[in-house]
Every structure is written in C-alpha cells, then in structure tokens.
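Values in this document were obtained by computation on a predicted structure and should not be read as measured data.
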Amino acid sequence: MDKEWSEKNKVFQKLISKEATFKDGIKMLLELRASVFEQITQIVNGYPEKAFYEMPFTGAGGYHSKTLAYSIWHIFRIEDIVAHEMLECNQQILFRDGYVEKIKSPTITTGNELCGKDIAEFSKCLDRWELYNYAKAVLESTNQILQKLEYTDLKKKFGDEFKKKLIESKCVSGDKKAVWLLDYWCGKDVKGLLKMPFSRHWIMHVEAMRRIKNELCKKARKGVDPIACCGFSCNHCFLSQWCGSCRTEYNTCSFATCSPDGICPNTKCCKEKGFDGCWECSEIESCTKGFYVPECDGANAAKAQSLYIRKHGKKEFLKLQDRLHKKFNFSKTQEILGQDIMEGLRLLEEN
C-alpha cells in the first residue's frame, strides 16, 4: 500500500475513534480521498482511450485483473449507493444527474458480477470523460455527507429495511459474486462504512489501477526507441513506470500532461521539423521549448544530454546512462549535471 495513503488511513481511523478528535479524523479522511482521487485524475487525463478497456492482467486474481474504466465505475457506484441509499437516504447521483445516459453504461450495478471479457466489453461502452465527471460528482457529494457526520452517528446500524431498499434499487446484481455486498454493507455501522468503502476500498482499487497503467506503459515501450526527443533516457527516468515515452500513445511526461494537446512541445517541434530528436536541431542551445524552458530544473540536463547524443550517438549515450546510474545511484540526471549546459556535457564525457 502507498506509504502516504497508508499512514493517512491509519491516522484517520485512530482520530475518529475519539469524540474529541472526530472532526480531525474526518478532515484527514477528506485529505486522503483528495490525494487518491488526484491519481485517478492523472490517469484519466494522461492515457489514450484504449487504455481504459485493455486488460493487461487478464486471468489474474487481484483487482488489477480489471480495467481502468471498470475500476473507476466500481469505486464510485459503490460509494454512490452506500452514501446516498444508506447514509443520506436520498437519490443517487447516477440517477439524479442522468449519468446512466451520459456515461452510456449498459448497467446500473456495481459491476461485481462481471468477469473476464465481459469487463472489457463493458468498459468499451463507457464514455470515460462522463465517467470521470460522475466520479467527481460522487466524490464531492460524499464529502459533503462526511462533513455533516457527528461522532454520535458512528454507531448507527443498518437493518433489514435498508437491505430491502437496496434490493429494490436493483443496483446490486443478484449474482453470487455481487449479492453478498448487501449483507456486508448492512452488517456494518457508520464507522465501519467509513473504513470501507469510503477509504480503504479506494486505495486498493486505485493501487490496482497503478499496476494496470504501469503494465500498459511497459508494453507500449517494448521495442520503441528509449530516448525521448528532448534527450532524456526513458529507461533511466524516475517516472518510467508512469510514462510510456513520447514515442508512444502513452506519453505522460511532465510537459505532455500540462500541454493543451497532450503532446510535449519538444516532441511536437521535432515531428514538425522531421527530426529524430532535439540533438538534430542547430537551435538547441538557445531553445526554450518544453523541457528547455529556463525555469525547468531539468533544462540544462536535457540539453547537455542532447549535445552528448549529437557528438557520440544514441548507443553510446545509453551505455553512459547505465554507468552513471550504477556509479551515482541517482534518479534524476539534473542532480549531477550542474547549472551550466557545457559543464553538464563535460561531466557526461568524463564518465
């Protein structure tokens, strides 16, 4: 489990156990949820459409055997149902805001009954942007509900009347892989629901999403030139698991994710000029595009590496990167390349 998320999860559970610190516990829970949701946001904004219905771990036993789209649907259907049918006793966001039609979902259930190819086919049906909007709407509505809770609410339990209500909603499939949820939810008090599904359930599924996207990036990069257009080595980048490189559809490097079209300015420029990389450009020393903007802490490192490639070639550059990472045990090349381009080039050539 992510160390930061795990620690916040532990602290929140401890704080809500005492009346004097209950509100602080809710505050910590909201911080945890915000942090985990940021991962969902980055995934939705950073990856191509097909990434959301591909299943790189088909047949595996864990949550990572699903798809990115299914994971988002599942997390927020469960939260929507529990938050509104049980805690707030009002209409679910899915129905209140017409998200069934917007998302184009063929079902209103949690999806527990789906498996294998059914998950992939289901995921292909979904509009990921509307799915994300739904997730965000559920997050915000649940947070409002959580903020209204009092310490005395923690011991509230849910009996047969709630179970009957959930059955009538038809939001939980009668399939044995799903119907157990009814007894599970109704067997908990409010405190139990805060722990699951409003916190730990998120963490488990979003960590599974991380595994899915990491594997998709790994597969996308297989056989692809590992040197980015700007001069960085994708094989040695500290974000290599997150990014599929600028030479694939899974380009989620820093400047790609913050660019309007999702393409790094260095990559876009190289494509327009027909260059393999920035090292083929005569204007590299004065360039201020993408990773080369003066305020970027990796600008000098990227330029120095591009200049090294220009002089010695990509094959020698990759050998150099292997030596550097063994010798210095660092994750970011800018840690040793200094503040000056030519000084950085000198350091590279000395190793």
Side-chain angles (χ1 to χ4, degrees), residues 1 5 9-10 12-14 16-17 22 25-26 29 32-33 36 60-67 69-96 99-100 105-116 118-119 122 134-135 138-139 141-143 145-146 148-209:
M1 183 181 290
W5 296 349
N9 192 42
K10 290 177 183 177
F12 124 72
Q13 291 189 40
K14 183 178 180 180
I16 64 169
S17 297
F22 175 75
I26 294 298
L29 174 57
L32 168 63
R33 287 161 58 82
V36 180
Y63 293 155
H64 59 291
S65 66
K66 318 300 182 184
T67 66
Y70 171 91
S71 300
I72 298 172
W73 171 267
H74 178 71
I75 292 170
F76 292 97
R77 280 306 292 130
I78 284 183
E79 177 155 313
D80 195 6
I81 294 166
V82 174
H84 291 277
E85 296 286 352
M86 299 179 70
L87 295 188
E88 196 73 352
C89 296
N90 62 8
Q91 192 175 28
Q92 295 175 40
I93 301 299
L94 186 74
F95 306 122
R96 189 196 73 184
Y99 276 111
V100 179
S105 174
T107 183
I108 61 171
T109 70
T110 63
N112 287 69
E113 70 279 9
L114 301 176
C115 60
D118 291 337
I119 292 177
F122 165 72
Y134 169 61
V138 173
L139 164 69
S141 66
T142 301
N143 284 353
I145 294 171
L146 295 175
K148 292 190 295 182
L149 289 176
E150 299 293 339
Y151 178 75
T152 52
D153 294 323
L154 292 182
K155 294 182 179 180
K156 177 184 176 182
K157 294 186 176 181
F158 305 89
D160 291 340
E161 60 181 293
F162 280 93
K163 185 175 179 180
K164 181 180 178 182
K165 181 183 177 183
L166 291 170
I167 292 173
E168 291 175 349
S169 75
K170 298 182 180 180
C171 289
V172 176
S173 169
D175 187 284
K176 64 180 181 180
K177 293 190 290 293
V179 74
W180 63 269
L181 285 169
L182 301 175
D183 289 326
Y184 180 79
W185 293 336
C186 294
K188 289 183 176 293
D189 55 17
V190 171
K191 185 177 182 179
L193 292 177
L194 291 184
K195 296 178 181 179
M196 191 81 162
F198 297 130
S199 53
R200 184 170 173 77
H201 189 245
W202 275 45
I203 294 172
M204 293 190 299
H205 277 285
V206 175
E207 289 200 327
M209 290 174 69

Exercise for the section: Taking the side chain as every heavy atom from C-beta outward, state whether Val190 and Met86 have any pair of such atoms under 4.5 Å apart. Expected result: no
Listing, residues 150-162 side-chain donor-acceptor contacts under 3.5 Å, not counting sequence neighbours, or none:
from, atom 1, to, atom 2, distance (Å)
Tyr151, OH, Ser17, O, 3.3
Asp153, OD2, Glu150, N, 2.8

Closest non-hydrogen atoms of Phe22 and Ile16, given as atom of the first, atom of the second and distance, are CD1-O, 3.7 Å
For a quick test of your reading: what N or O donor-acceptor pairs under 3.5 Å do the side chains of residues 75-82 make, sequence neighbours left out?
from, atom 1, to, atom 2, distance (Å)
Arg77, NE, Ile108, O, 3.0
Arg77, NH1, Asp80, OD2, 3.3
Arg77, NH1, Gln92, OE1, 2.9
Arg77, NH1, Tyr134, OH, 2.9
Arg77, NH2, Gln92, OE1, 2.8
Arg77, NH2, Ile108, O, 2.8
Glu79, OE1, Arg33, NH1, 3.0
Glu79, OE1, Trp202, NE1, 2.8
Glu79, OE2, Arg33, NH1, 3.4
Glu79, OE2, Arg33, NH2, 2.7
Glu79, OE2, Thr142, OG1, 2.9
Asp80, OD1, Ile93, N, 2.9
Asp80, OD2, Ile93, N, 3.2
Asp80, OD2, Leu94, N, 3.0
Asp80, OD2, Tyr134, OH, 2.7

Sequence neighbours excluded, the answer for salt bridge (charged side-chain N to carboxylate O under 4.0 Å, His left out) partners of Lys163 is Asp183
*Assign the ring pair His74 / Tyr70 to parallel, tilted or perpendicular, where the plane angle (0 to 90°) is split at 30° and 60°.*
parallel
Exercise for the section: Answer whether the closest heavy-atom distance between the side chains of Leu114 and Thr109 falls below 4.5 Å. Expected result: no
Here the pair of heavy atoms bringing Ser199 nearest to Phe12 is OG-CE2, 3.5 Å
For Val179 and Val172 the tightest heavy-atom approach is CA-CG1, 4.1 Å
**Message:** With heavy-atom distances below 4.5 Å as the criterion, would you say the side chains of Lys195 and Lys188 are in contact?
**Reply:** no
Sorted by chain and residue number, the salt bridge (charged side-chain N to carboxylate O under 4.0 Å, His left out) partners of Lys10 (sequence neighbours excluded) come out as none
Legend entry - Side-chain heavy atoms of Arg96 within contact of Asn90, under 4.5 Å: no
Sorted by chain and number, sequence neighbours left out, salt bridge (charged side-chain N to carboxylate O under 4.0 Å, His left out) with Lys165 holds for Glu85
Applying salt bridge (charged side-chain N to carboxylate O under 4.0 Å, His left out) to Asp118 and not counting sequence neighbours gives none
Of all heavy-atom pairs linking Cys186 and Leu166, the shortest is SG-CD1, 4.0 Å
Note, Phe95 side chain near Cys171 side chain (heavy atom, < 4.5 Å): yes
Tightest non-hydrogen contact, residues Thr107 and Ser105, listed as O-OG, 2.6 Å
**Item:** Cation-aromatic face contact Lys66/Tyr63, 6.0 Å, 45 degrees
**Value:** no
